[in-house]
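Report on the following structure.
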Amino acid sequence: MPSIQILSPQLANQIAAGEVVERPASVLKELVENSLDAGAKRIDIEVEQGGVKLLRVRDDGRGISQAEMPLALSRHATSKISNLDDLEAVATLGFRGEALASIASVSRLSLTSNSGESKGWKAVSEGRDMDVDIQPAAHPPGTSVEVRDLFFNTPARRKFLRTENTEYNRIDDYAKKLALSHMDVAFTLRHNQRANLNLQPAQSVTEQEKRVADICGTAFMQQALYLDNDRTGIRLWGWIGLPTLSRSQADLQHFFVNGRSIRDKVVSHAVRQAYQDVLYQGRHPAFVLFLEIEPCDVDVNVHPSKHEVRFRDSRVIHGFISGTLQKALAQDRPQDHLQPAEGQDHNHSAQMPNGDFPRQSSMGLPAATGHYGLQSKLTGGSAVNTSMDAYQALYGADASEDQGIPPLGFAIAQLKGIYILAENAQGLIIVDMHAAHERITYERMKTNFDAQGLVSQPLLVPESLSVSQREADTVEQNTEVFTRLGFAVERASTESIVVREIPALLRGSQVEALLRDVISDVLEHGSSERIRHHINEILSTMACHGSVRANRRLTLPEMNALLRDMEATERSGQCNHGRPTYSQLTLDELDKLFLRGR
């Protein structure tokens with residue numbers, strides 16, 4: 001073995017660079033985070049050849065004084081922490097004090113800054129250990145960092161870089177994440193002299209929604225729910241995509257903790273749990289979410305790239321995120337997306353019926369609680385010209401014209417025994433009657449099941465399972481949790497447990513595999529949703545078989561009863577399998593189909 005020796009400063013810097021400088025995008029991340037920590041309100045980014053030839057970041061934040069310029073390019077030099085207490089409650093994006101030194105060791109770097117003095121100062125480094133030469137330089141208040149010829153002195157690293165477009169796309173992704181995390185900061189991004197991003201500060205919710213739409217696409221914002229929930233010391237806010245916006249990949253998921261973009265398995269599990277009842281298997285939700293938490297309650301010093309965090313109480317965070325998202329998705333109704341059209345003149349008029357419809361008990365639908373009536377003139381259009389006299393004959397002569405139109409409108413026909421056609425204030429609604437009734441039945445069954453609770457069933461022969469000592473300890477320490485889930489489980493020895501009762505609804509299931517998964521969940525999250533998930537699967541299957549089938553002819557009152565129940569039912573926009581239950585065709589869209597107005 002060679003003798004022990006101290007690494008040279010240059011080699012130490014390059015080793016550190018291997019942890020934080022993987023490619024041009026990671027350089028951008030470090031530089032922009034420094035700008036944000038300096039209080040910048042405008043950040044301009046310029047890139048050439050995917051960031052390999054040039055990457056320049058200029059900000060208007062607090063600059064660096066002449067006396068501190070040499071320290072700025074030194075290892076383990078930072079203004080963001082000074083003692084252990086600061087490290088245990090980090091409130092900035094960067095804090096290690098290695099970024100500039102590491103970047104300078106593998107590039108030609110120049111740092112120009114003005115802290116409000118009469119003139120600015122410039123420091124230059126070219127990939128080697130050297131004394132920093134400080135020279136006067138003209139610069140407005142703020143800082144500019146210019147990185148040229150990345151990895152010019154480490155060709156082994158440079159050959160691992162991808163094509164120019166690939167490297168730039170990664171830069172673009174990072175820039176957009178940073179722009180999402182700091183809505184109040186203006187961002188510009190230029191690549192090869194071409195402007196690709198120009199975002200103005202977003203203060204109000206409307207401005208923030210515009211920024212999210214610019215970054216994530218208008219389709220996301222058109223199908224997103226805004227949420228804002230807080231409890232003592234924790235706040236979660238942002239936008240979550242409707243289940244019908246699900247994606248084949250997890251490529252539209254942005255989660256920020258105190259302004260830091262992170263990937264965390266606790267967060268991922270909580271989001272999956274919230275969406276599990278409304279998504280196809282294998283589909284991924286889309287979201288832009290911000291978690292604000294006391295800095296002392298989250299450890300950001302987990303990974304050199306700072307993509308991961310560790311929560312002090314992950315069980316609380318998991319429950320808070322999952323519960324907030326579940327509530328937001330449950331409260332979503334068709335009426336939240338089908339607002340009456342206003343101020344449109346399509347030269348159409350229609351009369352709408354009263355909403356007190358007779359029920360057919362064999363459908364098993366609960367009575368609608370809302371009262372909807374008649375509107376004398378519909379500012380939209382009518383697919384079928386039905387007279388007022390006909391409606392009054394069907395729904396009663398007391399139908400008055402001053403009552404509103406319900407969000408899903410009123411049924412006018414049934415198509416092929418599959419779809420309900422309805423007329424609302426915006427145009428035409430098409431409802432998949434089986435999918436809609438399936439969701440209504442499913443939600444009713446879940447409500448009834450929750451009211452009755454879990455019924456346990458004793459096993460004829462108690463089943464003994466071999467487990468680890470830690471798992472046995474978990475069972476012994478969380479008896480109430482397992483009882484609430486419908487299990488009667490006892491510890492038999494150091495590494496074995498005995499199952500005496502199981503949930504009655506799960507008889508015939510693979511109890512051993514299910515119980516082991518539940519124990520694993522309790523170990524990690526303090527609770528388990530697996531039992532509920534399995535029960536929901538059974539209820540979903542029962543609801544599917546118990547719902548109105550295709551080719552069944554419904555009367556107008558039955559169709560309208562279904563529409564009213566959809567408006568009153570949680571998650572009624574999707575069936576149990578994640579498919580949409582209805583679709584809207586506005587009058588503008590219908591007019592385009594027939595080239596009206598041309």
Side-chain angles (χ1 to χ4, degrees), residues 20-21 23-48 50-51 53-64 72-73 78-80 91-95 99-100 103-104 107 109-116 120-123 137-148 150 167-203 207-208 210-216 254 256 258-262 288 290 305-307:
V20 297
V21 185
R23 51 182 18 97
S26 52
V27 173
L28 173 82
K29 174 180 178 293
E30 297 292 342
L31 298 183
V32 174
E33 285 182 350
N34 278 343
S35 296
L36 293 170
D37 285 339
K41 293 302 178 184
R42 181 179 181 86
I43 298 176
D44 299 310
I45 305 166
E46 188 171 349
V47 178
E48 291 183 11
K53 180 180 180 182
L54 170 68
L55 201 158
R56 181 187 296 119
V57 175
R58 168 174 284 194
D59 67 62
D60 61 353
R62 294 183 298 274
I64 304 172
L73 296 177
T78 179
S79 62
K80 301 171 185 178
T92 54
L93 298 175
F95 53 89
L100 286 179
I103 295 169
S107 68
L109 182 145
S110 66
L111 172 67
T112 310
S113 188
N114 187 333
S115 62
W121 301 91
K122 182 176 183 179
H139 195 280
T143 303
S144 293
V145 182
E146 186 177 282
V147 178
R148 291 185 177 272
L150 185 63
E167 294 300 336
Y168 174 73
N169 287 338
R170 292 178 180 269
I171 287 176
D172 185 64
D173 288 342
Y174 263 124
K176 289 177 178 177
K177 280 185 179 291
L178 291 163
L180 279 176
S181 65
H182 291 77
M183 298 277 196
D184 59 334
V185 179
F187 281 85
T188 65
L189 173 61
R190 296 175 61 85
H191 184 222
N192 294 337
Q193 311 302 317
R194 179 180 178 180
N196 291 344
L197 196 66
N198 187 2
L199 300 173
Q200 298 306 309
Q203 302 290 349
E207 293 171 339
Q208 291 173 351
K210 183 180 183 305
R211 173 170 288 199
V212 174
D214 289 340
I215 294 174
C216 300
H254 301 282
F256 304 93
N258 293 346
R260 185 190 307 277
S261 176
I262 64 106
V288 177
F290 303 86
S305 64
K306 301 185 287 292
H307 286 305

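Residues take their numbers from the sequence shown, with the count starting at 1.
Listed here is the closest heavy atom pair of Ala72 and Leu111: CB-CD2, 3.7 Å. Contact detail for Phe187 and Leu178: the closest heavy-atom pair is CZ-O, 3.8 Å. The shortest heavy-atom contact between Ala179 and Leu199 is CB-CD1, 3.6 Å. Between Ala40 and Val185, the closest heavy-atom pair is O-CG2, 3.5 Å. In terms of heavy-atom proximity, Asn258 sits nearest to Leu93 at O-CD2, 4.5 Å. Pairing each heavy atom of Ser113 with each of Gly63, the nearest pair is OG-CA, 3.2 Å.
Here CG of Asp172 is found 6.0 Å from CG of Leu189. Values are rounded to the nearest 0.5 Å. Between Glu33 atom CD and Leu28 atom CG the span is 9.5 Å, to the nearest 0.5 Å. Going from atom CD1 of Ile171 over to atom CG of Leu197 covers 12.5 Å, rounded to the nearest 0.5 Å. Between His139 atom NE2 and Thr112 atom OG1 the span is 5.5 Å, to the nearest 0.5 Å. Residue Ser144 holds its OG atom at 10.0 Å from NZ of Lys122, rounded to the nearest 0.5 Å. Note: Ser110 OG to Arg148 CZ = 7.5 Å, rounded to the nearest 0.5 Å.
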Under the criterion side chain to side chain contact (heavy atoms under 4.5 Å, CB included), I'd like the reasoning laid out for Arg42 against Thr188: C-alpha separation, chi angles, the key distance, then a yes or no.
CA-CA 8 Å; Arg42 181 179 181 86; Thr188 65; 3.4 Å; yes
Take Lys29 and Ser261, measure what side chain to side chain contact (heavy atoms under 4.5 Å, CB included) needs, and give me the verdict at the end.
CA-CA 11 Å; Lys29 174 180 178 293; Ser261 176; over 6 Å; no
Decide side chain to side chain contact (heavy atoms under 4.5 Å, CB included) for Val145 and Ile103; before the verdict, give the C-alpha distance in whole Å, the side-chain angles of both, and the deciding distance to 0.1 Å.
CA-CA 11 Å; Val145 182; Ile103 295 169; over 6 Å; no
Run the numbers on Asp173 and Lys177 for salt bridge (charged side-chain N to carboxylate O under 4.0 Å, His left out), then give the verdict.
CA-CA 6 Å; Asp173 288 342; Lys177 280 185 179 291; over 6 Å; no
If you apply the rule side chain to side chain contact (heavy atoms under 4.5 Å, CB included), what do you find for Arg58 with Glu146, and how did you get there?
CA-CA 9 Å; Arg58 168 174 284 194; Glu146 186 177 282; over 6 Å; no
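A distance-only check finds no donor-acceptor pair linking the side chain of Arg62 to the backbone of Gly116 [under 3.5 Å]. At distances below 3.5 Å, at least one donor-acceptor pair connects side-chain atoms of Arg260 with backbone N or O atoms of Thr92.
Between the side chains of Tyr168 and Asn196, at least one donor N or O lies within less than 3.5 Å of an accepting N or O.
For the pair Ser35 and Val57, the minimum side-chain heavy-atom distance is below 4.5 Å. Side-chain contact check for Met183 versus Val212: some heavy-atom pair is nearer than 4.5 Å. Under the 4.5 Å side-chain criterion, counting only non-hydrogen atoms from C-beta, Val147 is in contact with Leu31.
For the side-chain hydrogen bond (donor to acceptor under 3.5 Å, both in side chains) criterion with Glu48, the lone passing option out of His191, Gln193, Arg190 is Gln193.
Counting heavy-atom neighbours within 6.0 Å of Lys210 NZ, excluding the residue itself, gives a total of 12 or less.
The residues Arg211 and Glu207 are annotated as not salt-bridged, no charged nitrogen and carboxylate oxygen being separated by less than 4.0 angstrom.
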